[in-house]
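Along the sequence shown, residues are numbered consecutively beginning with 1. Model, not experiment: these values are computed from the prediction.
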Amino acid sequence: DMVQRVAVGTSIEGREIFALRINAPGVAPGTRPGLLFNSNQHAREWLTVMTTMYLADHLVTGYGTVSGATLILDHFEVIIVPSVNPDGYTHTWGPDRLWRKNRRNNGDGTFGVDLNRNWSYQWGLSSGSSASTSSETYRGTAAFSEPETAALSAFMLAQPNLVAHMDVHTYGQLLLEPWGYGYTRHPDDAKYNDLSFEIVSAMHAAAGKV
């Protein structure tokens, strides 16, 4: 009565990409402001899948008994996409534990596009992405050339209730704010900084992590 599993799209090898829509009991999906968390754009970052699934479990099992979980679901819908890159993720359980990209056959003996570099905003810049198919940061032939990013983008745009989004990775213990493509400050830079310090402080208080 709290979770709805919905299809987001299909990977390049035909695996399902799905989302979990989590609401307080009796609340219709899409009627409260939405918070979307996605993980596993980079295949080898296994802990991201467990982190977002832990969040889902915490919200569902803690609602009504844990103050934080109850507070969130009394005000928001939480949408979780645990694996944006199911093909790459499957590949890391087999021949290559440290595989990062999706499993696109690039036609030149190389495989994979870095899904995190395949989004449309400022696509094509060399500051952090590469045009080389063999690179771990290969951005693809065009923005949203990959079915995984195209599906997640379309899914997000189809949720008019979304008010916040977090893309979860496991590298460097960093909380990144816009923009990531250069040193340009976002117009809402002060707001992002305030929010970031709140998040960082809460994480440190809970786990002692910096």
> Using the side chain to side chain donor-acceptor pair (under 3.5 Å) rule, pick out the option among Asn116, Thr48, Thr149, Asn102 that qualifies with Gln41.
Asn116
> Could you give all pairs that pass the side-chain hydrogen bond (donor to acceptor under 3.5 Å, both in side chains) test and reach residues 104-113, with sequence neighbours left out?
Arg104-Glu146, Asn106-Thr110, Asp108-Thr110, Asp108-Thr133, Thr110-Thr133
> Please list all pairs meeting side-chain hydrogen bond (donor to acceptor under 3.5 Å, both in side chains) that have one or both residues in residues 151-164, counting only residues at least two apart or in different chains.
Arg21-Gln159, Glu77-Asn161
> Which residues satisfy the side chain to side chain donor-acceptor pair (under 3.5 Å) test with Ser134, sequence neighbours excluded?
Ser132
> Mark yes or no for whether Asp188, through its side chain, and Lys191, through its backbone, hold a donor-acceptor pair below 3.5 Å.
no
> Which ILVMFWY residues are connected to Val27, directly or by a chain of links, through side-chain heavy atoms under 4.5 Å apart?
none
> Return the orientation label for the His58 and Tyr54 ring planes: parallel under 30°, perpendicular over 60°, tilted otherwise.
parallel
> Can you pull out every salt bridge (charged side-chain N to carboxylate O under 4.0 Å, His left out) where at least one residue sits in residues 40-63? Sequence neighbours excluded, please.
Arg44-Glu136
> Could you tell me which residues satisfy side chain to side chain donor-acceptor pair (under 3.5 Å) with Glu16, sequence neighbours excluded, listed by chain and number?
Arg5
> Show which residues join Phe155 in its hydrophobic cluster (side-chain heavy-atom contacts under 4.5 Å, direct or indirect), or state none.
Val6, Val8, Ile17, Leu36, Ile79, Val81, Val84, Leu115, Trp119, Phe144, Leu152, Met156, Leu162
> Which residues pass the side chain to side chain donor-acceptor pair (under 3.5 Å) test with Ser196, not counting sequence neighbours?
Glu177
> Who are the side chain to side chain donor-acceptor pair (under 3.5 Å) partners of Glu13, not counting sequence neighbours?
Arg15
> So which of Thr170, Asp114, Asn85 actually passes side chain to side chain donor-acceptor pair (under 3.5 Å) with His42?
Asp114
> According to side chain to side chain contact (heavy atoms under 4.5 Å, CB included), who are the partners of Ile199, at least two apart in sequence or on a separate chain?
Met166, Leu175, Leu195, Met203
> Could you name each residue pair satisfying salt bridge (charged side-chain N to carboxylate O under 4.0 Å, His left out) that touches residues 121-134, not counting sequence neighbours?
none
> For Pro82, does its backbone N or O pair with a side-chain atom of Ser39 as donor and acceptor, under 3.5 Å?
yes
> Looking at Ser135, is its backbone amide N or carbonyl O close enough to the side chain of Lys101 to form a donor-acceptor pair, meaning the two atoms are under 3.5 Å apart?
yes
> Under the 4.5 Å side-chain heavy-atom rule for ILVMFWY, direct or indirect, which residues accompany Phe111?
Trp99
